[in-house]
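In what follows, a structure is listed as structure tokens, so that the remarks can point back to it.
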Amino acid sequence: MNYSADEMMTVAAARALRDRAVCFVGIGIPSTAANLARRTHAPGLVLIYESGCIGAKPTSLPLSIGDGELASSADAVVSVPEIFNYWLQPGRVDVGFLSAAQLDRRGNINTTVIGPYASPEVRLPGAGGAPEIASGCRSVVVVVRQSLKTFVDGLDFVTSAAAPRMVITDLGVLEPSPSGELVMTSLHPGVSAADARAATGWDLAMADDLGVTSPPSPHELDVLRSLTHR
Amino acid sequence: MNYSADEMMTVAAARALRDRAVCFVGIGIPSTAANLARRTHAPGLVLIYESGCIGAKPTSLPLSIGDGELASSADAVVSVPEIFNYWLQPGRVDVGFLSAAQLDRRGNINTTVIGPYASPEVRLPGAGGAPEIASGCRSVVVVVRQSLKTFVDGLDFVTSAAAPRMVITDLGVLEPSPSGELVMTSLHPGVSAADARAATGWDLAMADDLGVTSPPSPHELDVLRSLTHR
Amino acid sequence: MTVITSLPDAVALVVQDGDTVAFEGFTHLIPFAAGHEVIRQGRRDLTLVRMTPDVIYDQLIGAGCARRLVFSWGGNPGVGSLHRFRDAVQHGWPAPLEIEENSHAVMANRYVAAASGLPFAVLRGAVGTDLPAHSDSIRPITCPFTGEELTAVPALRLDAAVVHAQRADREGNVQLWGITGVQKEAVLSATRSLVTVEEIVPVLEPVPGAVVLPSWVVDCVALAPGGAHPSYADGYSVRDNAFYQEWDAISRDRATFGEWLRELQR
Amino acid sequence: MTVITSLPDAVALVVQDGDTVAFEGFTHLIPFAAGHEVIRQGRRDLTLVRMTPDVIYDQLIGAGCARRLVFSWGGNPGVGSLHRFRDAVQHGWPAPLEIEENSHAVMANRYVAAASGLPFAVLRGAVGTDLPAHSDSIRPITCPFTGEELTAVPALRLDAAVVHAQRADREGNVQLWGITGVQKEAVLSATRSLVTVEEIVPVLEPVPGAVVLPSWVVDCVALAPGGAHPSYADGYSVRDNAFYQEWDAISRDRATFGEWLRELQR
């Protein structure tokens with residue numbers, strides 16, 4: 001069965017979520033991955049959106065974190081201050097799912113500006129919930145396409161000190177070494193170590209036991225496509 | 001029409017509330033007075049109970065601040081932290097209605113202990129919402145029976161620094177002089193200055209323009225009795 | 001994951017000797033049945049936490065379960081004094097009772113801090129009163145932006161929280177409505193939590209004003225219909241005001257209280 | 001007491017040149033109609049406050065109403081960038097835009113502090129990031145009980161708050177439900193408030209999950225059916241996702257945006 005690199009990335013991200021985990025989800029690939037996980041191996045996954053929806057069970061992928069179905073399908077809808085103060089901040093959430101415009105070798109994230117802060121080349125959306133998702137969740141998973149543009153040697157701005165337990169890209173999976181530096185621990189099928197190094201702005205280390213990611217199963221792909229094509 | 005000293009006190013307390021005022025109410029005579037005001041001259045009075053009920057419109061007098069009808073008749077029911085933090089603390093409430101076990105010449109209140117704190121003669125209920133009702137409301141009205149037991153020269157414990165704009169008793173009405181000391185400004189019908197002084201533990205001053213409280217009107221009494229006899 | 005079990009088993013799992021435990025419910029939804037089960041199980045040395053330690057704590061204190069009380073208003077609402085509480089404070093019977101006394105706003109914000117995972121909260125509170133002189137829980141703090149002095153209060157972290165709710169579903173999601181007080185904060189402040197419910201239903205249909213506690217923050221649910229009596233559960237029962245008045249006579253002397261206690265433990 | 005009036009009159013009463021004003025609504029219930037009226041009335045030098053300055057602030061910024069933006073996430077949700085916001089920040093068009101940038105948790109707590117009448121709030125926030133270096137709104141604070149260092153943020157006091165709700169009664173009591181975001185906090189943080197509503201009804205029947213703002217904290221109510229479009233009002237409309245996508249093309253260059261603006265002002 002053919003699949004795209006983005007599909008591989010999304011499936012790998014979904015697999016990073018164990019059943020019954022409590023997951024703080026942003027929009028985009030993280031939301032797709034979390035909803036895929038809930039429909040495959042993790043039916044008891046609890047999805048929390050920063051709009052205040054706790055235990056959302058959307059039947060289709062939301063375009064925004066404030067889509068009506070997130071609220072109507074949730075176990076509880078609370079205010080935005082409450083979602084951050086009572087639910088995220090005390091460490092009740094197992095996994096925070098983040099994306100990034102830039103990522104450094106320690107997993108710090110930039111979603112604020114490219115170029116100098118005062119006169120940016122590109123003004124990005126900014127922090128949103130990311131800094132406190134990074135500090136408040138028991139673990140962080142970053143999902144981001146790997147390229148010289150995103151995997152940089154120095155961030156233009158540190159938006160979130162994420163320290164992810166896992167970074168999942170369209171090329172493979174990275175995990176921190178004991179020193180905290182991200183190391184490639186798995187490559188997606190058909191991707192070489194040279195491909196991954198060529199898409200990384202620092203001298204990327206490969207794990208001794210570097211593995212190959214299992215390709216998406218037909219079932220994973222079916223469910224993913226039914227989600228994204230709806 | 002005959003009436004009791006407590007009825008006079010309650011009617012005088014009700015009259016202290018202007019229409020459309022926002023009033024933070026405790027249980028007992030303050031609640032009776034506020035509900036009487038809402039049924040007579042102040043139909044737009046907004047009653048707030050510390051249980052979280054905003055705009056309660058009970059048809060009968062609640063026995064506790066958490067009676068079901070306070071919630072079911074309210075414009076909004078919020079959590080207890082919210083009622084104190086969002087509604088009382090910022091000064092949104094016009095009048096706080098308090099009672100007291102002891103009151104001093106400046107209107108400070110004791111509802112904590114009679115006797116030493118560590119080995120009290122009488123252990124009273126304690127502060128409840130009173131300290132922050134006293135500091136958070138734009139003005140405070142105290143309703144309390146006047147006697148040597150309650151009107152004391154020194155409090156055994158300062159529970160609330162109330163600084164009331166008015167103290168309404170079964171004998172009359174006291175208001176602070178420019179120096180902040182409570183002065184008798186009105187005596188209820190049939191009460192003499194000597195009666196009031198005999199019920200006060202400090203050298204009670206009478207206002208130059210000491211008045212006589214208008215007795216309860218038949219309508220006020222009718223409504224009050226229909227409330228309390230229900 | 002929530003354990004749904006009997007009230008005796010749930011109380012045994014959640015409330016242990018020496019615990020700092022809150023039974024919350026602001027007049028409404030007071031978890032009396034769970035309190036009685038704690039008495040039956042003979043728990044000792046509890047630090048009892050509650051904004052309004054009304055009849056439920058009079059019973060626990062009189063039964064000798066408590067070593068310490070953290071509270072802000074200790075009375076029988078609409079009736080008068082709590083005689084067992086007074087006897088413990090004034091005469092050390094049946095055991096001396098340490099007290100830590102706050103105002104409602106202080107207590108509410110101490111729960112908020114704990115529920116928020118913060119070590120303290122800030123409010124305008126207790127200013128000009130004798131409360132700070134008798135409490136380690138009220139300290140000044142200066143605003144780093146304006147220089148204004150405010151009041152800081154420490155988080156009220158609990159070993160256990162016990163609340164009563166109208167209903168739960170079979171997953172252990174809990175729904176309560178009407179006056180919801182500080183129950184959410186108490187549960188979120190606790191290491192272990194127990195919710196007694198009027199009924200367990202297949203699906204929690206939405207109700208206006210309802211608070212929902214998701215199952216993953218609730219350790220135990222126990223079915224206890226009428227478990228709030230003499231308090232009430234909006235939609236299920238009304239407050240038994242007569243019992244609150246009768247309690248005044250039951251609790252006034254040690255002997256009649258003793259009879260009540262023996263009856264409970266039978 | 002709430003004034004119930006037309007949208008143009010309400011906007012004229014509540015939003016004035018130079019104001020610090022928040023148009024809130026977290027994806028849901030965004031007060032677009034009121035924002036458009038502010039553009040038509042030619043307000044200038046506004047400090048615009050909003051957690052997620054999406055299309056509504058792209059429009060106000062492009063129209064030249066804003067001098068300053070206080071925010072935490074500036075994008076077109078699910079679509080991409082806000083081109084008018086980027087043009088203002090990157091090229092000063094149509095006017096330079098000062099920015100004060102926070103995280104969501106910082107913004108939410110700044111509203112909470114203002115709604116609570118406190119000068120600041122405390123959170124665990126923005127630690128290890130470059131945000132504090134570029135903001136006067138993030139300072140360290142030490143817990144007076146544990147010595148732990150946390151983050152303090154100043155109250156976000158507003159001259160005016162504008163929100164959209166499903167309905168109001170004739171007294172001006174307001175009811176909103178679904179995702180309710182920080183609307184209550186924004187209204188309680190403001191000196192003046194305006195609520196646009198889908199409808200005005202005789203009685204606000206209770207709705208699950210509803211927030212009610214009593215009339216005495218609402219200055220103006222204006223009827224504006226569909227006033228959240230292209231955002232939505234739960235129970236009344238659905239989000240016009242197509243418009244959010246179209247906005248990308250409309251806003252991408254100054255000329256097509258100019259046409260949109262002239263059309264709005266006609």
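Convention: sequence-line order gives letters A, B, ...; per-chain numbering from 1. In what follows, every heavy atom counts, from backbone to side chain, and hydrogens, waters and symmetry copies are set aside. Since we're looking at a predicted model, the values are computed, not measured.
For the atom pair B/Leu155 CG and C/Asp130 CG, the distance stands at 8.0 Å (nearest 0.5 Å). A distance of 7.5 Å separates CD1 of C/Ile179 from CG of B/Asp67, quoted to the nearest 0.5 Å. Rounded to the nearest 0.5 angstrom, C/Phe26 CZ and B/Ile83 CD1 are separated by 10.0 Å. If you take OG1 on C/Thr27 and CG on B/Leu70, they are separated by 9.0 Å, rounding to the nearest 0.5 Å.
Interface summary for chain B: among C/His134, C/His28, C/Glu185, the most heavy-atom pairs under 4.5 angstrom belong to C/His134. In terms of non-hydrogen atom pairs under 4.5 Å with chain C, the most contact-rich of B/Glu82, B/Glu132, B/Glu121 is B/Glu132. Counting heavy-atom pairs closer than 4.5 Å to chain B, the top residue among C/Gly128, C/Gly178, C/Gly25, C/Ser103 is C/Ser103. Taking chain B as the reference chain and counting heavy-atom pairs below 4.5 Å, the highest number among C/Val89, C/Thr180, C/Thr52 is found for C/Val89. For the set C/Gly125, C/Gly209, C/Gly74, the entry with the most heavy-atom pairs within less than 4.5 Å of chain B is C/Gly74. Counting heavy-atom pairs under 4.5 Å between each of C/Leu123, C/Val112, C/Val127, C/Asp234 and chain B puts C/Leu123 at the top. Per-residue counts of heavy-atom pairs under 4.5 Å with chain C were compared for B/Pro120, B/Ala130, B/Ala118; the largest is that of B/Pro120. Counting heavy-atom pairs under 4.5 Å between each of B/Gly129, B/Ala71, B/Ala134 and chain C puts B/Gly129 at the top. The residue among C/Gly78, C/Pro77, C/Ala105 with the most heavy atom pairs within less than 4.5 Å of chain B is C/Ala105. Ranked by heavy-atom pairs shorter than 4.5 Å toward chain C, the options B/Asn110, B/Thr112, B/Val158 are led by B/Val158. Among B/Ile109, B/Val122, B/Asn108, the residue making the largest number of heavy-atom pairs under 4.5 Å with chain C is B/Val122.
Heavy atoms closer than 4.5 Å to chain C are found in both the backbone and the side chain of B/Ser79. When heavy atoms are compared at a cutoff of 4.5 Å, B/Asn85 approaches chain C solely by way of its side chain, counted from C-beta outward. Neither the backbone nor the side chain of B/Ser119 has a heavy atom closer than 4.5 Å to any heavy atom of chain C. For B/Val113, no part lies under 4.5 angstrom from a heavy atom of chain C. For a residue to count as touching a neighbouring chain, one of its non-hydrogen atoms must lie under 4.5 Å from one of that chain's; by this rule C/Asp54 does not touch chain B.
In terms of heavy-atom proximity, B/Leu124 sits nearest to C/Phe85 at O-CE2, 4.4 Å. For the pair C/Phe71 and B/Pro125, the tightest heavy-atom approach, listed with the atom from each and the gap, is CE1-O, 3.6 Å. Between B/Thr159 and C/Thr129, the shortest heavy-atom distance links the atoms O-CG2, 3.2 Å.
Counted within 6.0 Å of CZ on B/Arg145, heavy atoms from surrounding residues, nucleotides or ligands total 12 or fewer; the atom is thus considered open.
B/Phe157 is listed as a side-chain neighbour of C/Leu131, based on a closest heavy-atom distance under 4.5 Å. No side-chain heavy atom of C/Asn109 sits less than 4.5 Å from a side-chain heavy atom of B/Pro81.
Side-chain contact check for B/Glu50 and C/His104: at least one donor-acceptor pair (N or O, by modelled atom type) lies under 3.5 Å.
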- Task: In sequence, state the C-alpha distance, the side-chain angles, and the governing distance for B/Arg123 and C/Glu101, and then conclude on salt bridge (Lys or Arg N to Asp or Glu O under 4.0 Å).
- Result: CA-CA 12 Å; B/Arg123 174 65 231 195; C/Glu101 187 160 7; 2.5 Å; yes

